[in-house]
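Written below as structure tokens is the structure these notes are about.
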Amino acid sequence: MAMAIKLSLILLLCLSSLLAPSFSLFEDQVGLMDWHQRYIGKVKHAVFHTQKAGRKRVLVSTEENVIASLDLRRGEIFWRHVLGPNDVVDKIDIALGKYVITLSSEGSILRAWNLPDGQMVWESFLSGSKYSKALLTVPSNLKVDLDSPIFVYSGGCLHAISSIDGEYLWKKDFAIESVDVHQLILSGGSDVVHAVGVTDSSQFDTYEIDVKNGGLLKHTSASFPGGVYGEILPVSGDRFVVLDASRSVVLLITVNNGATHLQQTHVSDLIHGSSENTVILPSKLSGIFSLRTDSCIVFVKVTDEGKLNVMEKVDKTVVVSDALALSEGEQAFALVQQGDSKIELSVRLVHDMSSNHLKETVKMDHERGFVHKIFINNYVRTDRSHGFRALIVMEDHSLLLLQQGEIVWTRDDGLASVIDVTTSELPVEKIGVSVAKVEHSLFEWLKGHMLKLKGTLMLATPDEVAAIQQIRLQSSQKNKMTRDHNGFRKLLILLTRAGKLYALHTGNGRVVWSTLLQSLRTTSQQQCAGLKLRQWQVPHHHALDNNPSVLVVGRCGLSLTSPSALSIVDAYTGKELQNLGPAEHSTVQVITLPFRDSTEQQLHLLIDADKRAHLYPTTPEAASIFQRESENVYWYSVESEAGILRGYGVKKTHSSEYSFEARNLWSIVFPAESEKIIATVTRKPNEVVHTQAKVIADEDVMYKYISKNMVFVATVSPKASGPIGSATPDESVLVVYLIDTVTGRILHRMTHLGSQGPVHAVLSENWVVYHYFNLRAHRYEMSVIEIYDQSRAENKDVLKLIVGKHNLTTPVSSYSRPEVTTKSQSYFFTHSVKAISVSSTAKGITSKHLLIGTIGDQVLALDKRFVDPRRSLNPTQAEKEEGLLPLTDALPIIPQSYVTHAFKVEGLRGIETIPAKLESTSLVFAYGVDLFYTRIAPSKTYDSLTEDFNYALLLLTIVALVIAIFVTWVLSERKDLQDKWR
Amino acid sequence: MITGTEYTRYDLDHSVPVFCTDPFSLSLQLLKMEKGKGVLGSRKWAVEFTDNSSTRDILDPPGFTRASPDQDDSSLTRQKKDAEANWKSQKAWEVAQAPFKNLMMMGFMMWMAGNTVHLFSIGITFSALWQPLSALQGVGKVFEPYKDNKVDLLAPKLLYIALNLGGMLLGVWKLNSLGLLPTHASDWVSSLSPAHEVEFSGGGAALY
């Protein structure tokens with residue numbers, strides 16, 4: 001009976017959810033359970049705009065292809081534009097004092113943005129004949145026919161473009177002369193652009209070009225047989241320095257009256273001692289250049305006679321800024337010296353290198369790592385002396401502004417490049433809260449609810465309404481550092497590209513701790529990067545005293561065979577508990593095994609490039625657990641380039657206790673001439689499925705084929721693997737497979753003719769939903785495949801089920817070759833998609849929502865019932881009762897079902913869903929350049945009262961009822977007595 | 001001593017057929033019974049004017065001879081008792097047949113309620129299940145007033161029970177037609193967790 005009631009309740013829920021849009025939000029609910037953080041990424045270039053400006057700002061371009069205008073006082077974003085992933089910003093500058101000029105896409109797109117509000121003013125596409133370095137020069141005070149031209153060198157051509165409207169003025173092609181231009185120099189006052197370049201890396205060329213029409217005025221050249229390394233750096237108007245190909249000789253080039261003079265100086269003469277890996281730093285300082293070697297940085301002055309004098313030798317970790325022109329025609333530049341938990345900033349004047357103009361020591365959190373870049377700007381103090389502010393980019397990609405020896409503001413922009421996400425539970429609340437605190441909170445609680453009551457009864461004044469909203473938004477309840485009953489409060493642990501781990505509180509998104517992982521720090525010898533973040537220890541029953549911890553897997557080096565770096569980090573404090581790297585093996589795959597040891601440590605297999613499996617943790621207990629289970633442990637690899645899927649098992653003989661040889665069990669070779677792998681998707685390993693049966697209309701049952709060992713593979717014909725439009729419909733074929741990864745058996749194969757990628761897919765329970773482009777219909781499509789187990793379909797006899805005579809609970813093996821049937825259907829979908837995910841709940845009972853990251857960087861929740869292959873044009877009465885929707889050709893996009901409502905998650909890359917303890921609710925975390933977090937309830941919050949439930953009203957009603965009962969009782973007693981006396 | 005007039009009064013209170021459409025009217029009926037009892041209780045102190053035993057020592061008025069009513073009285077009482085037994089058995093049959101009307105009414109209401117699960121149909125179904133059950137529990141009480149040595153109450157009781165069981169069956173049938181009885185395979189497997197998988201497999205494309 002209980003089961004029946006439950007069933008009917010679920011049915012009721014389904015019915016109720018049918019009536020209203022399943023997800024929507026009121027305006028005053030924004031910010032109650034969601035938060036949104038805006039970032040820009042690691043800054044590449046910065047241009048200050050402080051002169052004659054009311055709001056002082058700095059314009060930056062970043063490695064996430066963001067251009068932004070930041071408030072210099074507080075570090076907030078005035079405006080921001082995220083260019084596409086392929087539209088890399090090369091240069092940024094300010095023209096006419098009101099336009100921001102950006103050069104992007106390898107110098108092929110030049111754009112001007114309005115400085116105050118960031119609106120695009122004009123855009124020009126520059127065509128070039130060959131690939132070349134992109135250079136941008138915006139002359140500050142050059143006027144040609146009432147116009148200020150901008151000079152851009154890109155694609156082997158020099159373009160002059162009007163800064164007013166982006167029109168082409170002229171173009172000079174250097175590709176014919178096969179010159180690779182390194183520098184564009186515009187000497188002040190003259191009407192000549194100097195282009196300095198190298199031909200065939202052995203001839204040095206200078207061109208003088210008329211700014212009015214692009215006519216070549218003068219060309220000089222000088223050859224040097226050694227070849228050059230790196231860039232030519234201008235030292236003064238007619239002097240340049242460059243390294244030769246062997247990196248041991250500095251060439252000083254002097255251009256004088258049409259003659260080019262070369263002068264060679266050995267680096268070893270300048271730097272006494274080792275001079276490996278010499279480079280000329282790109283800081284442009286007049287009359288001075290800086291050389292960096294493995295051991296130090298030297299500043300070399302070029303005298304008027306052409307002599308090189310070493311002025312100073314500093315540590316190699318010192319970071320040098322570009323020169324900043326001060327008012328009196330002199331130049332200043334900044335040096336930053338890294339100390340232990342502090343940095344030393346010194347500003348020097350170029351003409352007077354001997355003394356520091358300014359020296360400041362700033363305390364610096366050592367979790368920010370080294371200084372990577374520095375940009376300086378000056379301001380005039382009240383006593384007419386120069387003050388300096390410095391914008392510093394740190395190793396963890398954070399951005400800081402230093403002024404007067406203090407950090408004015410910081411931005412954690414490392415969070416713009418999240419690689420992987422995991423979560424951790426917060427500690428359990430300790431018993432013994434002080435009485436005063438309780439009383440206070442009780443009073444506050446009552447006050448809050450009385451206010452809410454007033455609001456409900458429409459009695460509140462506008463001030464009180466504001467207070468109510470404030471209370472709702474800043475509920476201290478949601479920001480506590482302890483576990484809550486509903487499982488909403490968690491730590492989001494994020495691994496960023498800088499190798500830094502952040503822990504964010506889900507309540508308001510604040511950073512609880514952050515750690516720059518020592519094992520992942522990039523040094524001069526090797527470049528390290530994080531790969532994966534996994535839960536390592538989740539204390540549950542046995543090891544409750546331990547803090548949970550996470551495993552970070554990284555790689556030190558650029559190739560797949562580079563050694564891996566492993567570290568284990570405490571999830572509560574951010575302490576690096578164990579640093580296992582660099583390990584002697586490489587890592588190409590990280591597999592979390594479904595086994596735990598007695599301390600609740602999760603067993604992991606790391607597969608190296610030689611297909612050997614390495615077991616972690618390296619304890620005898622883990623080894624014995626793995627030995628016991630190794631017969632049933634398999635893994636597979638997807639080799640996209642070769643078009644091969646291979647399956648492996650563990651070989652009996654093993655090389656050492658914790659590393660195991662693989663034996664190849666199966667391979668699936670896709671024909672290279674017709675199929676190319678473009679997407680593979682598996683189920684989330686921690687997904688919980690409530691039931692294996694699907695009840696359909698007329699009380700019938702279908703048994704889902706639920707296997708964690710299933711992979712979805714999408715292939716396209718090689719011709720169609722390019723962007724949309726590169727292949728005709730006849731040439732492009734999309735084939736999708738469902739493959740069992742234990743046996744390599746192809747469970748299902750389907751061909752979509754005339755369709756092509758990119759394919760985004762999500763696999764959950766027994767279904768897969770994928771998104772692709774239909775070339776024939778010229779529209780995006782979404783398809784669904786549901787897979788059912790036919791071998792269990794006979795289990796329909798009620799009596800047998802009651803007495804337990806069925807095969808539904810017997811363990812399944814992939815080798816038993818289960819018979820499967822599939823159902824599939826396709827629909828049109830308006831948007832193109834960046835990511836697809838699916839909601840996940842604690843028990844898997846709640847219906848599912850697909851979370852679709854649209855091209856507009858928003859997250860759309862789409863009910864799974866819309867992508868049900870059993871939909872038909874005219875559903876029967878029973879099917880309607882079941883909740884089956886009539887078939888439509890396109891999937892509806894309900895504006896209220898945007899999970900991100902008014903926000904955009906710029907540069908959206910991934911959507912992570914985490915089950916809350918409350919079955920109805922799923923936590924959603926979307927990341928890209930921005931971070932966004934919210935909670936969704938796909939079947940509405942049927943198991944809890946809503947956030948704004950009025951407890952005061954409930955209390956009041958109860959009290960009123962009790963009083964009413966009492967009064968009526970008294971009255972009835974009195975009436976009875978009177979009756980008796982009658 | 002309870003006199004005849006008193007008895008009939010008590011009877012009249014109970015002669016209303018037990019005919020309820022829903023639990024609310026049932027409770028109303030019970031309330032009525034309570035009230036009847038209350039009336040009886042409140043008459044405990046009533047002076048019985050018909051009792052003339054206390055007037056024995058007062059001389060009869062002249063010209064009045066107290067006839068001995070013995071013979072006359074006994075035949076009268078027997079007659080009276082027969083009539084009463086007849087009447088009781090008739091009433092008992094009436095009471096036994098009462099659930100039939102109830103049954104018809106219930107059937108009509110169930111037909112009206114339809115086969116979809118909502119508050120109304122569930123309420124009707126559960127009252128249809130509950131009413132016969134409570135009636136069966138109180139079967140002794142219902143027939144208590146008609147208890148007599150001369151009246152055979154077994155047959156009416158059996159009819160009463162049968163009709164109530166019929167009502168209950170109707171309720172169960174309705175429950176089934178609403179889909180609330182676990183008579184389908186889906187009811188037994190809908191929360192059956194997925195079977196354990198023997199093998200584990202992981203992996204994927206190489207990490208970059």
Side-chain angles (χ1 to χ4, degrees), chain A residues 1 3-8 11-12 531-532 555 560 587-594 605 607 629 632-640 647-648 680 682 685 689-693 695 699-701 704 706-709 711 741-742 795-798 801-802 808-815 881, chain B residues 31 34-46 113-126 129-130 133 168 171-208:
Chain A
M1 189 69 94
M3 199 189 303
I5 290 167
K6 200 163 83 182
L7 194 84
S8 66
L11 207 74
L12 266 174
L531 292 174
K532 279 278 163 199
R555 181 183 291 148
L560 281 180
T587 303
V588 293
Q589 276 167 39
V590 183
I591 299 168
T592 307
L593 296 171
L605 270 190
I607 313 294
E629 307 280 353
N632 289 322
V633 173
Y634 301 83
W635 68 88
Y636 67 97
S637 66
V638 180
E639 292 159 29
S640 303
Y648 302 93
T680 55
T682 52
V689 181
H690 174 61
T691 174
Q692 55 176 299
V695 181
E699 319 281 319
D700 209 353
V701 184
K704 303 172 189 170
I706 295 168
S707 170
K708 285 207 152 93
N709 309 326
V711 63
T741 55
V742 173
N795 289 300
K796 279 181 182 163
D797 192 340
V798 181
L801 288 169
I802 292 171
L808 296 174
T809 47
T810 46
V812 217
S813 167
S814 292
Y815 287 106
E881 260 171 51
Chain B
L31 205 78
E34 291 292 313
K35 217 173 177 182
K37 266 180 198 167
V39 168
L40 200 74
S42 66
R43 296 284 162 95
K44 260 180 192 167
W45 47 267
N115 272 354
T116 47
V117 180
H118 49 84
L119 208 62
F120 190 58
S121 63
I122 285 186
I124 283 179
T125 312
F126 277 90
L129 285 171
W130 172 250
L133 213 69
M168 202 143 88
V172 170
W173 171 81
K174 181 70 184 173
L175 208 61
N176 188 32
S177 63
L178 283 179
L180 298 180
L181 279 190
T183 50
H184 290 95
S186 58
D187 301 323
W188 294 92
V189 295
S190 63
S191 59
L192 204 66
S193 57
H196 173 73
E197 252 181 302
V198 177
E199 293 96 357
F200 169 82
S201 174
L207 299 169
Y208 284 102

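Each chain gets a letter, A, B and so on, in the order its sequence line appears, and its residues count up from 1. Hydrogens, waters and symmetry mates play no part in the numbers below; they use all other heavy atoms, side chains included.
When each of A:Val701, A:Val742, A:Val812, A:Thr810 is checked for heavy-atom pairs under 4.5 Å with chain B, A:Val812 comes out on top. Interface summary for chain B: among A:Leu605, A:Thr682, A:Asn632, the most heavy-atom pairs under 4.5 angstrom belong to A:Asn632. Chosen from A:Ile591, A:Thr592, A:Ile607, the residue pairing most often with chain B at heavy-atom distances under 4.5 Å is A:Ile591.
Heavy-atom neighbours of A:Tyr815 OH from other residues, nucleotides or ligands within 6.0 Å: above the threshold of 12.
Remark: B:Leu133 pairs with B:Trp130, B:Met168 by the side-chain contact (heavy atoms from CB on, under 4.5 Å) rule, at least two apart or across chains. For A:Thr691, the side-chain contact (heavy atoms from CB on, under 4.5 Å) partners at least two apart in sequence or on another chain are A:Ala693, A:Lys704.
A donor-acceptor pair is defined here as one N or O able to donate and one able to accept, closer than 3.5 Å; no such pair exists between the side chain of A:Gln589 and the backbone of B:Ala206.
Within the model, atoms OG of B:Ser193 and NE2 of A:His690 stand 8.5 Å from one another, a figure rounded to the nearest 0.5 Å.
For A:Asn709 and B:Glu199, the side-chain atoms include no donor-acceptor pair closer than 3.5 Å.
The minimum heavy-atom distance between B:Ser201 and A:Trp635, with the atom names listed, is OG-CA, 4.1 Å. In plain terms, the two heavy atoms of A:Leu560 and B:Leu207 that are nearest each other are CD2-O, 3.5 Å. Taking each heavy atom of A:Lys708 and B:Glu197 in turn, the nearest pair found is N-OE1, 3.0 Å.
In this structure, chain B has heavy atoms under 4.5 Å from both the backbone and the side chain of A:Val689.
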